[in-house]
Amino acid sequence: MSVSSGRIIIIGAGQAGLQTAEALRSGGYAGEIVMLGDEAYGPYHRPPLSKAWLAGEMEAAQLMMRAPELLAKKNIELRTGTKVNAIDNAGKMVRLSDDSELSFSGLVLATGSTPRILNIPGANAKHVLALRTRDDASAIMQALLHCAKSKLPLVVIGGGFIGLEVAATARKRGLQVTVLEASPRLLGRVLAPVLSEWYAALHRSHGVQIEFNVTLKEIEQKNGAVCAVLTQEGKRYPAGMVLVGIGVEANDMLARDAGIACDRGVIVDDCSRTSMEGIVAAGDCTARRIADGSLLRLESVQNATEQGKSAAAALLGQSRPFTATPWFWSDQYDKKLQMAGLSMGSNAWAVRGSMESGVFSVFHFRDGKLVAVDSVNDSKIHLLSRKLLDAGALPSPDQAADTAFDLNSLLAK
Amino acid sequence: MPQITYIEASGQSTTVNVPEGWSLMQGATANGVEGILGECGGSCACATCHCYVDEPWLAKLSAPTEGELEMLENTASERKANSRLACQIKATAALDGMVVHLPESQE
């Protein structure tokens with residue numbers, strides 16, 4: 001497929017949408033580009049929402065990725081507060097929520113994801129909040145201030161990155177924090193058990209109470225606002241606010257309704273092409289078919305930017321596969337976790353540095369082959385690991401654990 | 001507002017008014033300086049805002065943190081004595097007129 005003129009519509013004005021728009025321009029596309037965002041804001045950085053933004057360390061303008069004039073200069077039309085109701089692929093147009101129609105010659109789905117909803121009685125009470133958007137973060141900030149003022153605890157439901165980052169920020173503000181996790185460990189979907197334990201110890205050392213194997217029963221309310229979380233185990237956790245961080249779901253409804261293949265996300269190949277000619281997708285809304293035939297969902301900045309570049313290239317008739325090693329990061333307290341590769345399915349690990357010192361990297365191996373490296377306050381090793389994994393220059397477990405062994409030497413070969 | 005000049009590897013020069021308290025990365029990405037990516041949004045997590053600070057200005061900057069130094073050890077382009085991460089440099093009145101050069105590649 002190749003779109004050479006006409007209007008390219010991008011549904012979504014987040015990291016992936018912006019990246020696609022800019023890559024279309026830098027790739028030489030001279031036609032109209034219209035980016036439709038359903039939020040009130042242009043593209044902004046989401047990662048700080050649970051960290052610096054929530055801690056009150058940033059002003060609103062610093063959250064924005066681009067000055068509005070810059071988008072205008074690049075001739076990228078941004079329409080905020082605009083919701084798409086349907087895609088009519090046969091008629092090559094999208095229908096907006098005000099019933100107007102907008103035709104396209106190429107379409108980009110960058111619709112993002114939505115926090116999974118807590119499905120227990122009382123979950124719609126005031127101050128039961130999830131974090132995805134800037135408005136969500138503002139509501140959370142207000143609720144945290146309410147907790148601080150009234151000396152009420154924060155209860156975090158879900159021991160994933162969002163929940164733990166908010167827990168850390170709330171501790172900085174002096175709040176009492178309890179994390180309720182359904183499984184036997186923290187970050188179970190993304191980290192190996194050895195790191196889950198380390199993070200549990202870290203949070204406990206900062207005064208966070210963590211409860212595992214919790215089955216929720218209901219949210220107790222008082223005057224419409226949350227006052228406690230009740231569990232099936234018969235426990236009652238008082239709360240001035242509940243942060244729900246139990247994962248996200250890809251926004252693939254529009255695509256599904258339009259007959260585009262989806263499976264818990266818009267299915268794309270490694271060049272961001274969907275099952276439908278002329279329609280590409282990027283970022284959190286996608287499920288990427290990888291070499292072994294399985295579908296991989298990644299929710300990260302890198303995924304949004306890489307797939308955005310691939311999506312733009314695909315519309316311009318080029319193949320730009322996303323082959324780079326996945327990477328992620330999470331800031332909690334003064335600890336920066338940087339992850340390279342995917343540790344799922346690994347069956348052995350080696351530690352470089354000392355976990356007690358708080359500066360270390362865990363190398364994950366599957367059947368003796370390095371698949372991922374998780375670094376804590378060890379950025380040098382993180383960046384080097386990405387190079388090693390990209391190049392297939394893989395250390396053995398012994399080499400990985402031996403700080404006297406120069407990992408750089410593997411690249412020189 | 002401090003004026004910062006970014007000179008890209010291509011020679012393209014852009015001067016931007018960067019509000020005090022903003023990082024040089026934010027000043028660059030908001031205003032279309034393409035040689036700085038700032039993918040992580042300023043968390044010191046991605047090393048895609050590597051820049052070379054012109055000599056006279058280097059001494060006026062606060063010292064890099066341990067984390068920044070670690071990141072600088074494995075940047076995509078060559079690390080030099082005047083290498084810094086633009087997300088870790090906050091614009092102040094004292095930096096008005098500062099010039100930074102940008103590397104060939106950030107990733």
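Chain identifiers are assigned alphabetically (A, B, ...) following the order of the sequence lines, protein sequences preceding nucleic acid strands; residue numbering begins at 1 within each chain.
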Evaluate the side-chain proximity of [Y] to [X]: yes if any heavy-atom separation is below 4.5 Å, no if none is.
X: B:Asn74; Y: A:Lys387; value: yes
X: B:Cys46; Y: A:Trp329; value: no
X: A:Asp331; Y: B:Ser43; value: yes
X: A:Lys336; Y: B:Glu70; value: no

Step by step, work out the side chain to side chain contact (heavy atoms under 4.5 Å, CB included) result for B:Gln26 and A:His45. CA-CA 11 Å; B:Gln26 288 166 336; A:His45 293 286; over 6 Å; no
Under 4.5 Å from any heavy atom of chain B, what part of [X] do you find: side chain, backbone, both or neither?
X: A:Gln62; result: both
X: A:Ala304; result: neither
X: A:Met64; result: neither

Contact winner vs chain B - A:Glu69, A:Glu59, A:Lys51, A:Gln15, heavy-atom pairs under 4.5 Å: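 Top option by heavy-atom pairs under 4.5 Å: A:Glu59.
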Nearest non-hydrogen partners of A:Leu70 and B:Ala30, listed with the distance: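 Distance-wise, the nearest heavy atoms are CD2-O, 3.4 Å.
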Taking all non-hydrogen atoms of both residues into account, name the closest pair between B:Met71 and A:Ser379 and its distance.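 Of all heavy-atom pairs spanning B:Met71 and A:Ser379, the closest is SD-CB, 3.0 Å.
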Taking NZ, NE, NH1 and NH2 as the nitrogens, is one of them in B:Glu34 or A:Arg25 under 4.0 Å from a carboxylate oxygen of the other?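 Result for this pair is no, no salt bridge flagged.
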SB check A:Lys380 B:Glu73 (cutoff 4.0 Å):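 Here A:Lys380 pairs with B:Glu73 in a salt bridge, since their nearest N and O are under 4.0 Å apart.
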Would you say B:Glu104 has more than 12 foreign heavy atoms packed within less than 6.0 Å of its CD? no
Is chain A contacted by the side chain of [X], its backbone, both, or neither, given a heavy-atom distance below 4.5 Å?
X: B:Glu107; value: side chain
X: B:Ala45; value: both
X: B:Glu39; value: both

Any idea which of B:Cys40, B:Gly42, B:Gly32 has the most non-hydrogen atom pairs under 4.5 angstrom with chain A? B:Cys40
Residue among B:Ala47, B:Cys44, B:Gly67 with most heavy-atom pairs under 4.5 Å to chain A: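 Among the listed options, the one with the most contacts to chain A is B:Cys44.
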Roughly how far apart are A:Gln19 CD and B:Leu37 CG, rounded to 0.5 Å? 8.0 Å
